[in-house]
Amino acid sequence: VTLLRARSGIAFRAQAGDGVVITNTHGGQVVDTWILDASDPDRHASAAMTWMATRRLLLREGDDLIDTRREPIARLVADSSPGDHDLLVPSCDIVRYRQLGVEGYHDNCRDNFFEAIASVDVPAPANVPAPFNLFMHVPIAVDGSFEIAAPRAQAGDAVELTVFRDALIVLSACPQDIAPTNGIGVAPRDVDYEIRPHG
Ligand SMILES: [Zn+2]
């Protein structure tokens, strides 16, 4: 089990068939998650392709994550959290923090993504892909409106993904500490992740 520090990102490789477990160690923390094909970083898990396949704007245990070429790249095989995993909200970035009144630098998931990719020998896509926001609670109303609410994930809640191909996994422990993304008045927290090798 490896610690991912609050506000930071990581990129690591997983082989076809491996499981990747992401644990909300202290509860509440949102983890922006990307899964890229190790041989082609422009081919990655796509929120839009996934909801097109599932006809649901939420992820459920057993759902396949569909890539930008409409093929499954991973599956959500286990989920002990309340099941809130947002597919709508883009990663936070410095512009978002400017809009929220921050004047200096603020850690953000977009920069975490590119810094993490730069730490491994894989070319980065031109733009940050839409993330799978694990543990992010974004209730969607019947009129189509949505809000960003405090997460319901408790300490120890975890999700397990299995990758179908050799993949690059990128995680960002979201540093949002102004909007209620990670809880109201709660500082961003560490999470843990673990690769479970196939077989
Ligand atoms: Zn973020």
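Numbering of ligands and ligand atoms starts at 1, following listing order.
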**Item:** Nearby protein N/O/S atoms (those under 2.8 Å) for the Zn ion (ligand 1), with water ignored
**Value:**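 Metal shell, protein only: Cys92 SG, Cys109 SG, Cys174 SG.
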
**Item:** Electrostatic pair Arg56-Asp63, nearest N-O below 4.0 angstrom
**Value:** yes

**Message:** Strictly below 4.0 Å, N to O, side chains only: are Asp107 and Arg7 in salt-bridge contact?
**Reply:**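 Salt bridge between Asp107 and Arg7, a charged N being under 4.0 Å from a carboxylate O: yes.
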
**Message:** For Phe132 and Trp34, I'd like to know if the aromatic rings sit close, meaning centre-to-centre distance below 6.0 Å.
**Reply:**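 No; Trp34 has its ring centre 6.0 Å or more from that of Phe132.
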
**Asked** Looking at residues at least two apart in the chain, or sitting in another chain, which of them share a side chain to side chain contact (heavy atoms under 4.5 Å, CB included) with Ser39?
**Response**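 Counting only residues at least two positions away or on another chain, Ser39 forms a side chain to side chain contact (heavy atoms under 4.5 Å, CB included) with Asp37.
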
**Asked** Mind checking what makes side chain to side chain contact (heavy atoms under 4.5 Å, CB included) contact with Pro180, not counting sequence neighbours?
**Response**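 Expected list: Ile184.
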
**Asked** Who passes side-chain hydrogen bond (donor to acceptor under 3.5 Å, both in side chains) against Thr2, sequence neighbours left out?
**Response**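 Residues passing side-chain hydrogen bond (donor to acceptor under 3.5 Å, both in side chains) with Thr2: none at all.
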
